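Below is one structure, written out as structure tokens, with a few remarks after it.
Numbering of ligands and ligand atoms starts at 1, following listing order. Here the structure is a predicted model, which means the values were calculated and not measured.
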Amino acid sequence: MLDHRTEKTLGTLHEKVQPKFRAFMDHAQRLAAAEGLEYRAISGLRTFDEQAAIYAKGRTTPGRIVSNARPGTSYHNYGLAIDCGVFRSGKYLDSDEPKTAEAFHKKAGEIAESYGLTWGGTFKGFKDTPHFELSHGLPILTLLDKHNKGQDIL
Ligand SMILES: [Zn+2]
């Protein structure tokens with residue numbers, strides 16, 4: 001049984017990938033529970049507008065730069081990616097105990113592949129350890145092209 005926040009996040013994803021993310025989260029949550037932790041999907045679909053606002057941060061709007069992804073160049077923009085958080089009794093360990101959180105993301109990353117997911121910890125360059133995506137082997141620019149042509153992305 002997934003927690004409410006995870007359910008809500010998975011509900012924002014492309015319907016064709018939801019079953020695999022659901023199975024993965026179920027497994028990861030059982031692993032977490034065995035360690036007295038909670039593992040939750042905290043972010044899923046981000047619209048192109050939301051991505052534009054994130055990209056603007058530190059560039060044309062105040063704050064520091066938080067993303068290098070322009071609208072349409074993140075798997076989140078197509079409902080094909082989630083970010084997870086590690087919690088203990090509701091406390092967000094990614095900010096309070098980053099080492100504990102990192103260690104658990106790695107464990108989740110190790111099982112992700114068996115569900116067909118790609119773990120952000122395997123990325124070349126910036127390692128995005130809370131991130132999991134299901135790209136079906138489709139490059140992001142292929143998705144953007146389909147989107148721009150009004151085609152189904154999967
Ligand atoms: Zn992400």
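Separation of atoms CG (Leu45) and OG1 (Thr47) is listed at 7.0 Å; rounding is to 0.5 Å. To the nearest 0.5 Å, the span separating CG on Leu37 from CG on Leu31 amounts to 10.5 Å.
The backbone N or O of Leu138 lies less than 3.5 Å from no partner atom in the side chain of His136, so there is not a single donor-acceptor pair.
A donor-acceptor contact closer than 3.5 angstrom links the side chains of Glu102 and Thr129.
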Give the intermediate values and the outcome of side-chain hydrogen bond (donor to acceptor under 3.5 Å, both in side chains) for residues Gln29 and Asp3.
CA-CA 9 Å; Gln29 291 199 339; Asp3 65 282; 2.8 Å; yes
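Protein-derived N/O/S atoms nearer than 2.8 Å to the Zn ion (ligand 1) total 3, waters excluded.
Applying the ring pair (Phe, Tyr, Trp, His ring centres under 6.0 Å) definition to pairs two or more places apart or across chains, those involving residues 29-57 are Tyr39-Phe104, Tyr39-His105, Phe48-Tyr78, Phe48-His147.
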